[in-house]
Trainee: 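Once you've had a glance at the structure underneath, I'll fire off some questions.
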2 protein chains.
Amino acid sequence: MAKVTISDVAQAAGVSKATVSRYLNKHFERMSPNTRQKIAKVIEDLNYQPSFQASALKSNRTHLVGVVVADVSNIYSTLLITGINQVAKDHGNQIMIGDASDDLDQQQESIELLLRQNVDGLIIQPMSQNPHAYDYLRKSGTPTVMVDRLTKPLFWPTVTSDDYDATYKLAQAVLAAGYQDILIFINEISAASTRQLRSQAFLDATKGKATVTLLETQNDDPQVVAAWLAQHPKVHPVVFAGNGRLLMALLLWLKDQGLTCPDDLGVCGYDDWRWAALVGPGISSVTQYPIQIGQQATELLVQLIDGAKIPATQVKVAADLNLRGSF
Amino acid sequence: MAKVTISDVAQAAGVSKATVSRYLNKHFERMSPNTRQKIAKVIEDLNYQPSFQASALKSNRTHLVGVVVADVSNIYSTLLITGINQVAKDHGNQIMIGDASDDLDQQQESIELLLRQNVDGLIIQPMSQNPHAYDYLRKSGTPTVMVDRLTKPLFWPTVTSDDYDATYKLAQAVLAAGYQDILIFINEISAASTRQLRSQAFLDATKGKATVTLLETQNDDPQVVAAWLAQHPKVHPVVFAGNGRLLMALLLWLKDQGLTCPDDLGVCGYDDWRWAALVGPGISSVTQYPIQIGQQATELLVQLIDGAKIPATQVKVAADLNLRGSF
DNA sequence: GTGAAAGCGCTAACAT
DNA sequence: ATGTTAGCGCTTTCAC
């Protein structure tokens with residue numbers, strides 16, 4: 001049960017620790033096939049597992065990639081992590097998850113924790129658009145890639161969905177369906193670039209052709225929508241829910257009220273993770289590909305870790321528009 | 001940019017590394033308030049972050065908790081991890097995720113990787129019911145708690161949903177609705193205790209009162225259901241989908257075929273993560289609470305790590321039955 | 001109340 | 001082709 005160390009292996013194989021270390025790091029260039037086999041056998045027999053901590057301490061490489069998501073319980077995060085994990089693994093890295101719980105301070109704590117773990121690199125879904133909120137990170141010099149949300153200005157390579165484009169197309173479809181009143185049901189808009197881009201796309205696409213009302217919520221409560229509808233009994237608007245959770249909250253409320261779409265009002269959303277196809281006539285929505293975002297971000301990060309210079313530019317991953325029958 | 005170490009702090013504060021170390025580990029008992037303040041200030045000024053690797057190496061405590069889930073991309077995993085992370089954090093632990101990608105060999109690789117990281121403890125959603133598949137783990141002596149699935153016999157404390165009970169109630173409701181033919185649409189049944197318990201509950205609850213047909217799938221394809229229905233055009237069965245993914249696959253197929261429930265057939269499921277309430281008349285299903293499972297498992301693990309002896313027994317977390325209008 | 005020193009398990013010159 | 005040696009940054013006796 002006592003942990004077997006490199007010294008045990010060296011002794012059992014009748015060689016020095018250095019030789020075993022060379023074996024571990026695959027420096028076989030000038031090692032006799034004989035010792036190589038001997039070491040292999042001893043490692044097998046003793047079931048030796050080199051300690052990552054020890055090697056990290058000496059080599060200054062932990063092979064750890066830190067990932068800080070806005071909210072772990074979100075499906076977006078799951079898929080992002082899935083993508084990151086796939087390519088991190090391929091490059092011999094282990095990921096370490098941090099959660100910001102949708103809070104900037106908690107995000108900083110998470111990042112600092114990961115920094116203390118001496119992660120080789122970091123992938124962050126930033127809570128703040130102000131890059132200076134991450135100055136402590138820059139000082140640390142840890143290679144970093146941002147995902148999902150932009151900072152202004154851009155200080156790090158950033159991989160996001162093409163939110164504006166996809167939403168613009170959605171808005172055009174809404175217009176084509178003849179809607180004059182558009183409600184944007186969305187979380188606090190100043191906090192994330194994605195939210196701004198999504199509402200801006202609606203604003204731009206419908207300029208002069210429809211009225212757009214921003215209905216912000218702090219707690220995912222469709223009450224704001226309810227209030228608006230109560231005040232405007234005559235209109236037949238379309239509601240755009242700014243993410244999957246809001247879309248679900250909205251639909252649950254509609255169901256509760258006995259309202260149906262598109263009869264009582266039009267509905268569309270973002271990020272339904274496939275279930276929206278099953279609801280009523282099928283909810284029209286935009287689909288993102290977080291797995292791909294994670295993969296691309298990790299590819300970039302791996303290059304950064306290897307010392308590549310990568311400019312702080314945005315990489316966009318296309319998002320798809322699914323037109324169904326909800327408006 | 002050069003990493004500041006304990007020596008730097010010691011030097012700047014005019015004390016020895018030992019004293020700084022005492023400060024870091026909160027051994028204030030016999031330390032002059034004076035030096036304590038001095039060190040605090042220097043740490044602040046230098047923005048010193050102690051290295052986890054170094055302290056782990058010496059103290060044999062990494063404060064790392066390894067979590068190996070069956071499939072990271074599954075929502076169940078997300079919620080499990082959320083729960084684990086909450087309590088792990090409270091106890092000063094960092095979690096490290098491993099993914100089995102629904103494969104026993106990959107699971108072993110993931111576990112061994114985490115073992116090399118010298119995790120203080122491990123939470124595993126086991127791919128195999130045979131505890132001997134994890135003998136290498138037991139040899140390592142790493143404190144372990146299993147979640148979601150049982151091994152036979154039980155070698156570790158295990159936290160699961162009360163699958164049998166919840167499913168039994170669901171089966172009773174199905175009977176009460178008058179169904180004579182029950183189809184169980186489920187993944188390879190031999191692989192996981194949850195699947196056995198869920199089908200067994202149906203079998204037990206309906207014994208002599210209805211015929212139960214097991215329709216196993218390897219790839220989540222509802223084709224097996226389609227085939228059965230084609231062969232039995234006259235009957236009006238109810239289909240139980242053994243998990244959320246299967247339920248979604250089934251419903252998408254039904255929609256595609258223009259079939260509706262409960263008119264053409266009854267439908268019920270497991271793990272719908274709330275969206276099933278929105279589909280058609282609302283799909284009746286069982287809801288699990290993976291966050292709680294994760295929390296409880298972590299509480300147990302923390303005690304194990306602290307040296308407590310905890311018997312290898314099962315802890316059950318209740319699952320809820322949501323009766324809606326789908327059968 | 002504080003310091004000196006040894007050492008955790010590994011790596012990487014530098015020797016030979 | 002392999003061994004010797006000196007640490008990496010921290011913790012922890014044991015002194016004083």
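The figures that follow rest on heavy atoms only: side chains count, while hydrogens, waters and symmetry mates do not.
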Trainee: Without decimals, in angstroms, what is the distance between A:Lys3 NZ and C:dC10 C1'?
Mentor: 12 Å
Trainee: Okay, side chain of A:Asp103, backbone of A:Ala100: is any donor-acceptor separation there less than 3.5 Å?
Mentor: no
Trainee: Which nucleotide in the list D:dT13, C:dA12, D:dG9 gets nearest to the side chain of B:Lys58?
Mentor: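 For the B:Lys58 side chain, the nearest candidate turns out to be D:dG9.
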Trainee: Phosphate oxygens OP1/OP2 of D:dT11: is one of them under 4.0 Å from a side-chain N or O of B:Ser21?
Mentor: yes
Trainee: Rounding to a whole Å, what distance do you find between A:Arg116:CZ and D:dG9:P?
Mentor: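 Rounded to whole Å, this separation is 15 Å.
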Trainee: What's A:Val20 touching, base or sugar-phosphate or nothing? Going by heavy atoms closer than 4.0 Å.
Mentor: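 Here A:Val20 touches no strand at all.
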Trainee: Has A:Thr5 got a side-chain N or O lying under 4.0 Å from the OP1 or OP2 atom of C:dC8?
Mentor: no
Trainee: Mapping B:Asn60 and A:His27 to their closest nucleotides on DNA chain C, which lands nearer the 5' end?
Mentor: B:Asn60
Trainee: What integer distance in Å separates B:Ile39:CD1 from C:dG1:C1'?
Mentor: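 Result: 11 Å.
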Trainee: Where the side chain of B:Ser55 is defined as all heavy atoms beyond and including C-beta, which of D:dG9, D:dC10, D:dT12 is the nearest nucleotide?
Mentor: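 Ranking D:dG9, D:dC10, D:dT12 by closest atom to the B:Ser55 side chain puts D:dC10 first.
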Trainee: What's the closest nucleotide to the side chain of A:Thr19 if the choices are C:dG9, C:dT2, D:dG3?
Mentor: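 Nucleotide nearest to A:Thr19's side chain: D:dG3.
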Trainee: Quick one: A:Ile6 CD1 to D:dG7 C1', roughly how many Å, whole number?
Mentor: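 So the CD1-C1' distance, A:Ile6 to D:dG7, works out to 15 Å.
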Trainee: Please tell me which of A:Ala54 and A:Gly14 maps to the more 5' nucleotide of DNA chain D, matching each residue to the nucleotide holding its nearest heavy atom.
Mentor: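 The residue closer to the strand's 5' end, by nearest nucleotide, is A:Gly14.
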Trainee: Side chain of A:Lys17 only, please: which of C:dC8, D:dT12, C:dT11 is the nearest?
Mentor: C:dT11
Trainee: Would you mind telling me which of C:dG9, C:dA13, C:dT11 lies closest to the side-chain atoms of A:Arg22?
Mentor: C:dA13
Trainee: Report yes if a side-chain nitrogen or oxygen of B:Ser16 is closer than 4.0 Å to either non-bridging phosphate oxygen (OP1 or OP2) of C:dG3; otherwise report no.
Mentor: yes
Trainee: Counting N and O atoms only, with roles assigned by atom type, does the side chain of B:Ser110 sit under 3.5 Å from a partner on the main chain of B:Asp99, one being a donor and the other an acceptor?
Mentor: yes
Trainee: Between atom CG in B:Leu57 and atom P in D:dT12, what is the gap in whole Å?
Mentor: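 From B:Leu57 CG to D:dT12 P: 12 Å.
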Trainee: In whole angstrom, what separates B:Gln53's CD from C:dG9's C1'?
Mentor: 13 Å
Trainee: Could you check A:Leu24 against B:Arg36 and say which one's nearest nucleotide on DNA chain C is further toward the 5' end?
Mentor: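 Per heavy-atom nearest nucleotide, the more 5' residue is B:Arg36.
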Trainee: Looking only at side-chain atoms of A:Ala18, point me to the closest of C:dC10, D:dA1, C:dA12.
Mentor: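 In terms of side-chain proximity for A:Ala18, the closest of C:dC10, D:dA1, C:dA12 is C:dA12.
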Trainee: Could you point out which residue of A:Val9, A:Ile43, A:Val15 forms a side chain to side chain contact (heavy atoms under 4.5 Å, CB included) with A:Tyr23?
Mentor: A:Ile43
Trainee: Rounded at 0.5 Å granularity, tell me how far CG in B:Asn74 sits from CD1 in B:Ile81.
Mentor: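 Spacing of CG (B:Asn74) from CD1 (B:Ile81) equals 10.0 Å.
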Trainee: Any base atoms under 4.0 Å from B:Asn25, or only sugar-phosphate, or nothing? Heavy atoms, all strands.
Mentor: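 Sugar-phosphate, no base atom in range.
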Trainee: Check whether any side-chain N or O of A:Tyr48 sits under 4.0 Å from OP1 or OP2 of C:dC10, and answer yes or no.
Mentor: yes
Trainee: Looking only at side-chain atoms of A:Arg30, point me to the closest of C:dT2, D:dA1, C:dG9.
Mentor: D:dA1
Trainee: Write down the distance between CZ (A:Phe52) and P (C:dG9), rounded to a whole number of angstrom.
Mentor: 16 Å
Trainee: Verify salt bridge (charged side-chain N to carboxylate O under 4.0 Å, His left out) between B:Asp45 and B:Lys41, making sure each step is shown before the conclusion.
Mentor: CA-CA 6 Å; B:Asp45 290 351; B:Lys41 182 167 186 334; 2.6 Å; yes
Trainee: Could you work out which one of D:dC10, C:dC10, D:dT2 sits closest to the side chain of B:Pro50?
Mentor: D:dC10
Trainee: Taking CG from B:Leu46 and C1' from D:dG9, how many angstroms apart are they, rounded to a whole number?
Mentor: 15 Å
Trainee: If you look only at distance, which donor and acceptor atoms sit under 3.5 Å apart when one is on a side chain in residues 146-161 of chain B and the other is two or more places apart or in another chain?
Mentor:
from: B:Asp148; atom 1: OD1; to: B:Tyr76; atom 2: OH; distance (Å): 3.0
from: B:Asp148; atom 1: OD2; to: B:Gln125; atom 2: NE2; distance (Å): 2.8
from: B:Arg149; atom 1: NE; to: B:Pro126; atom 2: O; distance (Å): 3.0
from: B:Thr151; atom 1: OG1; to: B:Pro153; atom 2: O; distance (Å): 3.0
from: B:Thr158; atom 1: OG1; to: B:Trp156; atom 2: O; distance (Å): 2.8
from: B:Thr160; atom 1: OG1; to: B:Gln314; atom 2: NE2; distance (Å): 2.8
from: B:Ser161; atom 1: OG; to: B:Gln288; atom 2: OE1; distance (Å): 2.6

